[in-house]
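Chain letters run A, B, ... following the sequence lines, proteins first and then strands; every chain starts at 1.
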Amino acid sequence: MTATVGIIANPLAGKDIRRLVAEASPTSDMAKVGIVRRAIIGAAEGGAERVLLADDRRGLGARAVDGLEPANGAEIVVLDEPILDSGKNSEQAARRCRDEGAGAVIVLGGDGTHRDVVKGWADVALVALSTGTNNVFPRHLEATVAGHGAGLVASGQVALGDVASRAKRLVVDVEDGDADLALVDVALVSDTFTASRAVWDPATLRELVACIAEPGTVGLSAVAAAVAPTGRFERGGVHVRFGSPSETSSAAGIRVPIAPGLYGDVPVAGWHRLRAGDEVAVSGPGSLSFDGERDVALREGQGASIRVGADGPHVIDVERALRLMNTKRSDL
Amino acid sequence: MEPTVDILKDLHYRMLRIRLFEEAAGRLFEGNKMPGFLHLYVGQEAVAAGVCVAMRDDDQVSSTHRGHGHLVAKGGDLNKMMAELMGKADGYCNGKGGSMHICDLDLNMLGANGIVGGGTPIAVGAGFANKYKGNDTVSVAFFGDGSTNIGAFHEAINMAAALRLPVLFVCENNEYGEYTRRDKVMAINDVVDRAAGYGIPGVIVDGMDAVAVYEAAVEGLARARRGEGPTFIEAKTYRYYNHHGVQTLGMKYRTDEEVDAWKAKDCIEGFERRVTEAGLISADELAAVRVELEAEVEAAVEFGENSPLPEVSTLLTDVYTEVSR
């Protein structure tokens, strides 16, 4: 079977309102094109014979491959999908990568982009690269070596089982709605509208469920990390309830970076740890935010349940893959 | 910032007022009752409404060849607008300007503009004047994606950035410059990428969502008022009708599927569904607003039809400004 690596880059990542309400930096198309080119070069070097590049009519992918001749004569296929101008683009691209037999998928974007990819392909083997705003799920890693790691896995030079760990996911069921998922956190916020999507005002927080709560992150996950740190590969999660500032003493307010360069006093009213499978029920009115972005509006009394599942995507540890390959070489 | 119910009602009122006015103008145009050019704003209402609701009355607007929506959102007089589109003497420009020159300086609407990219320098000039006078008025430049390829746009935004002028740049990216797809004439996907090149912050918002536009406009206007200079907002939006007029010209420059996909995100339908579902505004109240606005538009059509054509003797009046010596 042809060693195939998929690349899914979200053209919209790094351009939302957090550049006005916080101090987030913009990520330009040119920056993304450079990242995609480096990932392709790395993937070919790592052994990929075919690289599938998700694209839409916006043409980010087509420009990224312009004049590019990767090593080993690796073939680059631009998957031209209809323009949807939403997370659906990444979702449908993930399904295409699955159907085309990709052995690994490099995702370039933020937490939201990774969530969309997993919605399209639940047990994808992915290399998670951060190009978004305040990301918890993907890590900062140079695209060249990220591509290389994906190439090693897709070509079978290192076994997926030796270098990947299964991430958790939050399984969300919305009453009268679609089943949904998140990779980091789900929050109930008081906003009636999903509008500009980002969550940056602590006063709007009502409840939070996080399956990754690691100190050193920015965003809602940082709130959970402040009360009950939970590693990405540890079992279980955290449920945090918030009160209005008047209900909670100022001592209970926890100061965390809620967005890049923006600290907020978060009125924590209580919290408890969740075991795998424990269910948290929330209900409207308000909006549900998934991985930091308002996405589903809840009417008065409309319920939703959230639980931590152990069956998230396979996350490839690039450094481990490269180290394993180097060890094999030194054996020769 | 969560908008109040009063703000939500205002957003709805302005969006629907634009929609109904434009639909009526389109019908008249199709029925050969309207001369000249007609660039309809239908589809993009959330942008004009979202920004104008966030503005103060003394804040100024510069507009485009697709400018009816901006004047309606600023509170324009539908009678004078409809008469102007019909070329009648009671119109905003006494019937001699037409669709692309409507303006109302009393409402601080500095004019539609037939020259692509022509409106932006006007907003920057207003911004310069506001800074020079030391007031805290902000000027807003509405412009399309295509106009950002024009030299005047570059010079204007560069000057606004360099002098930290109180200007909000609102790009209505509807994906087409007349009949040409954006990606045929631009090597970037998002116009907002240009903001960093001028040294100002820029964000993308869903231009089919009035609340999203409003949220970003509130922040951009506040920055300008605090003396922090210009902000760039790119609203992803779409026009439902042709570049000019209503029907396509037989030139298939976009697919039916694409048009339908955008219509499925309609700014007014989505808004009405959400506010009624959330119990913020009742369906009866929304319906009453529609009835009121339909009557206002109907009266405007009648006003325009009954207005006389300009007298031949006025041909040379208003050509030059009278200067007192």
Q) Can we say A:R115 and A:D111 salt-bridge, meaning some charged N sits less than 4.0 Å from an Asp/Glu carboxylate O? A) no
Q: Examine B:Y176 together with B:Y241 and report whether their ring centres are nearer than 6.0 Å.
A: no
Q. Is it the backbone or the side chain of B:V192 that comes under 4.5 Å from a heavy atom of chain A, or both, or neither?
A. side chain
Q) Top residue by heavy-atom pair count (under 4.5 Å) with chain B, among A:T204, A:I17, A:L298, A:T194? A) A:I17
Q. Should A:R63 and B:D183 count as an ion pair when the cut-off is N to O under 4.0 Å?
A. no
Q: Heavy-atom pairs under 4.5 Å with chain A are the metric here; pick the option from B:I233, B:D206, B:L8 that has the most.
A: B:L8
Q | B:K131/B:R164 under side chain to side chain contact (heavy atoms under 4.5 Å, CB included): CA gap, chis, key distance, verdict | A | CA-CA 9 Å; B:K131 182 159 184 172; B:R164 289 167 68 87; 4.0 Å; yes
Q. Given the options A:A31, A:A297, A:P26, which has more heavy-atom pairs under 4.5 Å with chain B than any of the others?
A. A:A297
